[in-house]
Amino acid sequence: MIRTLWYKNALIYCLSVDSFMDANGDGVGDFDGLARRLDYLHGLGVRALWLMPFQPSPRKDHGYDITDYYSVDPRYGTLGDFVEFTHGCKERGMRVLMDLVINHTSDQHPWFQASRSDPESPYRDWYIWSETKPKDAHKGMVFPGFQDATWDYDDEAKAWYFHRFFKFQPDLNYANPDVRAEIFRIIGFWIELGVSGFRMDAVPFIIAEDSPRAGEPELKYQMLRDFRAFAQWRNGECVMLAEANVPPKESLEYFGRDADRLHMMFNFPANRTHFYAHASGDASALKKALKDTRNRPETGQWCHFLRNHDELDLSNLTEEQMEATFAAFAPDPEMRLFDRGIRRRLAPMLRGDRRRVELANSVLMSLPGTPVIRYGDEIGMGDDLALPERESVRTAMQWDNAPNGGFTLNESSACPVIADGPYGYRHINVAEQRRDPDSLLNWTERLIRLRRETPEIGYGDFDIVRSPKDILALRYEWRGASVLIVHNFSDRPREITFGLDATGGTKRKLVDLLDGDHDDGDEAGRHTIVIEPYGYRWYRIGEMNDALERREA
Ligand code: GLC
């Protein structure tokens with residue numbers, strides 16, 4: 001395959017403009033600030049940014065409640081600033097993905113205002129209304145405990161409207177072709193301004209068969225195909241990345257069996273089982289998740305992640321696995337959310353243990369797909385559980401030890417900053433870690449470089465090498481080159497022995513890509529390696545010079 005699928009070997013970094021960098025001193029992060037940090041991101045090895053919603057919004061759900069799809073929230077800058085930012089990314093070879101929040105709008109959106117106030121309005125049918133209270137009004141809530149219904153009565157409309165998420169997020173009606181046409185317009189608009197991809201929010205709900213909008217069930221997956229086709233007509237390199245926490249089998253429907261729907265999906269099954277592996281020392285469930293999600297079209301790609309802006313969602317683990325993960329990482333009820341998740345950052349969950357933080361990141365970079373990292377995880381930022389709900393993991397980026405962590409020069413930051421304790425900005429910040437060659441930041445940078453120099457992972461086929469349950473050993477092949485990456489989830493050193501089928505008849509050497517500790521194997525081509533507690537090894541199989549691109553298969 002010609003190597004044009006950029007998203008297969010990219011490193012995606014996700015951030016929220018409001019919490020990253022404030023340039024104009026008003027206490028809120030902005031596009032100008034972000035643009036000034038592009039060299040930092042590029043230096044780290046980031047090749048694509050995923051921005052959380054930045055359009056005008058009352059921000060009752062951190063921007064996932066939009067009031068105008070065609071502009072930038074004035075707190076973050078102007079469309080002009082946005083284009084300067086995308087231009088800056090382009091100059092550095094970095095792509096921009098943005099959140100496409102189209103399952104619902106804010107109830108303050110002029111479309112909803114028109115819809116609720118006038119039954120004759122063309123916008124009436126853009127949302128989902130019922131004259132009577134539907135029987136399932138208290139079913140299907142996404143935020144249990146914070147939301148008690150999916151249908152609410154609107155006094156102005158004198159009718160009930162459907163909202164899968166919070167009450168202030170009325171769902172759009174996709175059975176209406178005008179709504180679909182408007183979404184194309186939105187996609188086309190941002191592509192013209194320099195966007196190369198969209199992280200489609202809440203996809204299963206947009207196409208849900210059990211939603212009251214499902215007047216035309218055949219629309220279900222066809223819509224995904226149409227979105228992709230439209231985006232690619234406008235910009236051939238544009239990708240669609242689905243937030244769709246669905247069972248592995250169903251995911252094929254999102255990719256499209258003919259590779260004609262969404263290009264990428266977040267791998268939620270791997271995410272939750274990965275955390276279970278850290279909690280229990282047992283990687284079997286993670287291995288199973290990787291096998292279950294192996295099947296995807298050739299141009300399809302999984303995105304792997306550790307933490308994101310939401311809770312760590314443990315639903316679909318077995319009860320026992322969930323209990324073990326909660327016990328290890330969220331013993332305190334205030335660390336949990338919606339009965340299914342954990343509202344903490346990675347580093348505090350792993351008690352700041354550098355070995356375990358490295359292990360988690362090394363696993364992330366080695367999973368079959370494209371890694372997505374969250375701002376601040378490269379320096380091991382913490383969380384603030386005093387903040388409500390998911391805000392605990394959305395605090396300001398910690399740049400240095402100046403007041404407010406260098407995020408803003410304004411005395412009062414609009415975005416909460418972690419000041420105290422071991423994760424406060426005086427201890428954890430970019431400036432300090434940049435000076436220290438052994439810091440997590442510099443280690444992460446080296447790991448990202450290694451991942452980018454190992455395109456077998458993003459492009460190739462993988463095998464799970466047979467090993468004990470606390471070991472995850474993944475082997476990749478691509479264009480005649482191969483790598484083997486081994487992880488030890490246990491708190492004890494482990495010795496493992498395995499054979500490498502010596503294709504081509506030669507004895508196959510393991511070349512350590514991190515510290516030069518190579519292994520020649522025995523006469524029979526068997527290797528025995530000792531791996532320290534929470535250790536990891538990245539090997540190229542063969543000679544060092546068997547680098548990629550040399551042997552065109
Ligand atoms: C997605 C987002 C989440 C948001 C929800 C509603 O799940 O990741 O943050 O609250 O959609 O838009």
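Just follow the structure's listing: the first ligand is 1, and inside any ligand the first atom is 1. Values below: all heavy atoms of this structure, side chains included; hydrogens, waters and symmetry mates excluded. The structure presented is a predicted model; accordingly, all values stated were derived computationally and were not measured.
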Could you check if a side-chain atom of Pro204 sits within less than 4.5 angstrom of a side-chain atom of Tyr254, using non-hydrogen atoms only?
yes

Using side-chain contact (heavy atoms from CB on, under 4.5 Å) as the criterion, point out the one residue from Lys8, Gln232, Gln301 that pairs with His263.
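So the option named by the test is Gln232.
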
May I ask you to check whether [Y] and [X] place their ring centres under 6.0 Å from each other?
X	Y	answer
Trp399	Tyr375	no
Phe82	Phe54	yes
Tyr161	Phe112	yes

Return the set of residues passing side chain to side chain contact (heavy atoms under 4.5 Å, CB included) with Ala259 (not counting sequence neighbours), or none when no residue passes.
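For Ala259 the side chain to side chain contact (heavy atoms under 4.5 Å, CB included) partners, ignoring immediate neighbours, are Pro297, Thr299.
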
Who are the residue neighbours of ligand 1 when the rule is a heavy atom under 4.0 Å from any of its atoms?
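Contacts of ligand 1 under 4.0 Å: Asp61, Tyr64, His104, Phe143, Phe165, Arg199, Asp201, Glu243, His309, Asp310, Arg390, Arg394.
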
